[in-house]
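A quick write-up on the structure given underneath.
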Amino acid sequence: MDTATVSYQGEIVKGSFQALLAHLTPETTTLRVRSSGGDGEEAMLIGNQIIDQNLSLVVDGYCMSSCANYLFLAARKKSLLVDSVLGFHGAVSLKNSEDLRAQFELGNLNKDDYTGKEGLKRLQISEWELLKKVDLNLDTLSTINAQFYKKMPIAPKAKRILVLTIDGKRYTFDWDDRGQKLMEKRLRKSLKKNSKISFVISNPYADAMYFPSLKFLQEIGVQGILDYPYPESNAALPKLLSEDFSHIKTVGDFPEPELVLKK
């Protein structure tokens, strides 16, 4: 690796941004990544550094989830090496966030005002800030994920379930409008100043990803893609993934096979 290129390989976890920052210098022009994604807030920090330092991004093998959302989209110039995969499958998304967005567009929000039980709002604002910095529509990730859900349909009864733990006590909610309101009520009732809190979302889409075509990305305003080798069909996608990701269901932008009617 030359002195202008820094490589990041592995999951994005708490501390990843500072670890990467220690290796970036004023001479660094390119970030080479191979990551399955991970912590969204940490990925946004890396994405903002990519923007601020005007780093190019090269995907070496795979860039999935938060890596795709916040590193790939953040880079003004980006490329995929041959046989590499770009995989989207989720983002920060708040239900009924129209008022929050309206306040953001008016410049009346500061993400640092949202902590603790309002942490999801902080993440949403951070996501909008990043998209705005690279001149992308605030709906970009919602549009990508709508296409993902269209291409990768899940059984109607499949639900996203959230398990919330507060000071060792577990609470389970459906991840829908009603479930989120119940969760917020539980947080207001049970959260104390020094409470330990965690949550896990059981998502039927967690083991699925969407590899969009160059045409689709350009149509929604993603610019600066220099090299984007793309497989010939959905059948070719699993072959691009290593054994570690063989369980992931993959889908791309390919025409539906034509039905041949027998005479």
Side-chain angles (χ1 to χ4, degrees), residues 30-31 33 35-37 40 43-44 46-48 50-51 54-95 97-98 101-102 104-105 123-154 205 208-241 248-258:
T30 303
L31 179 62
V33 298
S35 176
S36 59
M44 289 184 214
I46 296 174
N48 277 291
I50 289 172
I51 296 169
N54 196 25
L55 299 176
S56 297
L57 189 82
V58 175
V59 176
D60 180 5
Y62 48 86
C63 177
M64 304 179 193
S65 191
S66 62
C67 177
N69 292 348
Y70 308 123
L71 275 64
F72 185 83
L73 293 184
R76 295 195 181 275
K77 293 182 180 179
K78 47 249 190 177
S79 304
L80 269 63
L81 297 182
V82 175
D83 293 336
S84 293
V85 175
L86 182 69
F88 291 89
H89 78 159
V92 176
S93 180
L94 290 179
K95 296 288 186 181
S97 61
E98 292 85 359
R101 174 167 171 167
F104 174 80
E105 292 178 326
L123 290 177
Q124 181 70 87
I125 295 167
S126 297
E127 182 177 284
W128 285 334
E129 287 179 343
L130 187 147
L131 293 172
K132 187 176 180 180
K133 285 173 74 173
V134 286
D135 301 317
L136 284 171
N137 191 292
L138 302 186
D139 292 322
T140 296
L141 284 165
S142 297
T143 302
I144 292 173
N145 280 287
Q147 184 78 343
F148 166 44
Y149 298 141
K150 177 181 176 181
K151 295 283 184 177
M152 180 67 75
I154 301 294
Y205 291 89
M209 72 171 193
Y210 166 50
F211 186 0
S213 66
L214 176 61
K215 179 182 178 182
F216 175 77
L217 290 175
Q218 290 177 334
E219 285 176 348
I220 63 172
V222 180
Q223 300 299 317
I225 302 175
L226 304 180
D227 294 300
Y228 201 80
Y230 201 64
E232 296 179 354
S233 66
N234 276 326
L237 282 169
K239 299 175 184 177
L240 301 180
L241 297 173
I248 294 180
K249 298 179 285 292
T250 55
V251 66
D253 289 320
F254 305 103
E256 296 294 330
E258 294 184 5

Can you see which heavy atom on [X] is nearest to which on [Y], and at what distance?
| X | Y | result |
| --- | --- | --- |
| Tyr228 | Ser213 | CE2-C, 3.9 Å |
| Pro238 | Ala235 | CD-O, 3.4 Å |
| Ala74 | Gly47 | CB-O, 3.4 Å |
| Val251 | Leu237 | C-CD1, 3.5 Å |
| Leu217 | Pro212 | CD2-CG, 3.8 Å |
| Phe216 | Thr143 | CZ-O, 4.1 Å |

Quick one, [X] and [Y] - any side-chain contact, counting heavy atoms below 4.5 Å?
| X | Y | result |
| --- | --- | --- |
| Leu81 | Val59 | no |
| Ile46 | Asn48 | no |
| Trp128 | Leu123 | no |
| Leu86 | Leu80 | yes |
| Val222 | Leu136 | yes |

Does Tyr210 have Lys151 sitting over its ring (NZ/CZ under 6.0 Å from centre, angle to axis within 45°)? no
Got a second to check how far [X]'s [atom1] is from [Y]'s [atom2], nearest 0.5 Å?
| X | Y | atom1 | atom2 | result |
| --- | --- | --- | --- | --- |
| Cys63 | Leu57 | SG | CG | 6.0 Å |
| Ile220 | Ile144 | CD1 | CD1 | 4.0 Å |
| His89 | Met152 | NE2 | CE | 11.5 Å |
| Lys78 | Leu73 | NZ | CG | 6.0 Å |
| Asn69 | Cys67 | CG | SG | 9.0 Å |
| Lys77 | Leu226 | NZ | CG | 7.0 Å |

Worked verdict on Gln218 versus Leu214 for side-chain contact (heavy atoms from CB on, under 4.5 Å): CA-CA 6 Å; Gln218 290 177 334; Leu214 176 61; 3.6 Å; yes
Quick check: does any side chain N or O of Tyr230 sit under 3.5 Å from a backbone N or O of Asp253, one acting as donor and the other as acceptor? yes
Donor-acceptor under 3.5 Å (Ser84 side chain, Gly61 main chain): yes
Using a strict threshold of under 4.0 Å (side-chain N to carboxylate O), is an ion pair present between Asp139 and Arg101? yes
Got a sec: does the NZ of Lys132 have more than 12 other heavy atoms crowding it under 6.0 Å? no
Run the side-chain contact (heavy atoms from CB on, under 4.5 Å) check on Met209 and Phe88 step by step: do they pass? CA-CA 5 Å; Met209 72 171 193; Phe88 291 89; over 6 Å; no
Just one of Glu129, Gln124, Glu127, Glu105 clears the side-chain contact (heavy atoms from CB on, under 4.5 Å) bar with Leu138, so which one? Glu105
Trace of the side-chain contact (heavy atoms from CB on, under 4.5 Å) decision for Arg76 with Asp135: CA-CA 10 Å; Arg76 295 195 181 275; Asp135 301 317; 4.0 Å; yes
With side-chain contact (heavy atoms from CB on, under 4.5 Å) as the test, would you mind laying out the steps for Asp60 and Val33 before giving the verdict? CA-CA 6 Å; Asp60 180 5; Val33 298; over 6 Å; no
Answer yes if the ring centres of Phe211 and Phe148 are under 6.0 angstrom apart, and no otherwise. no
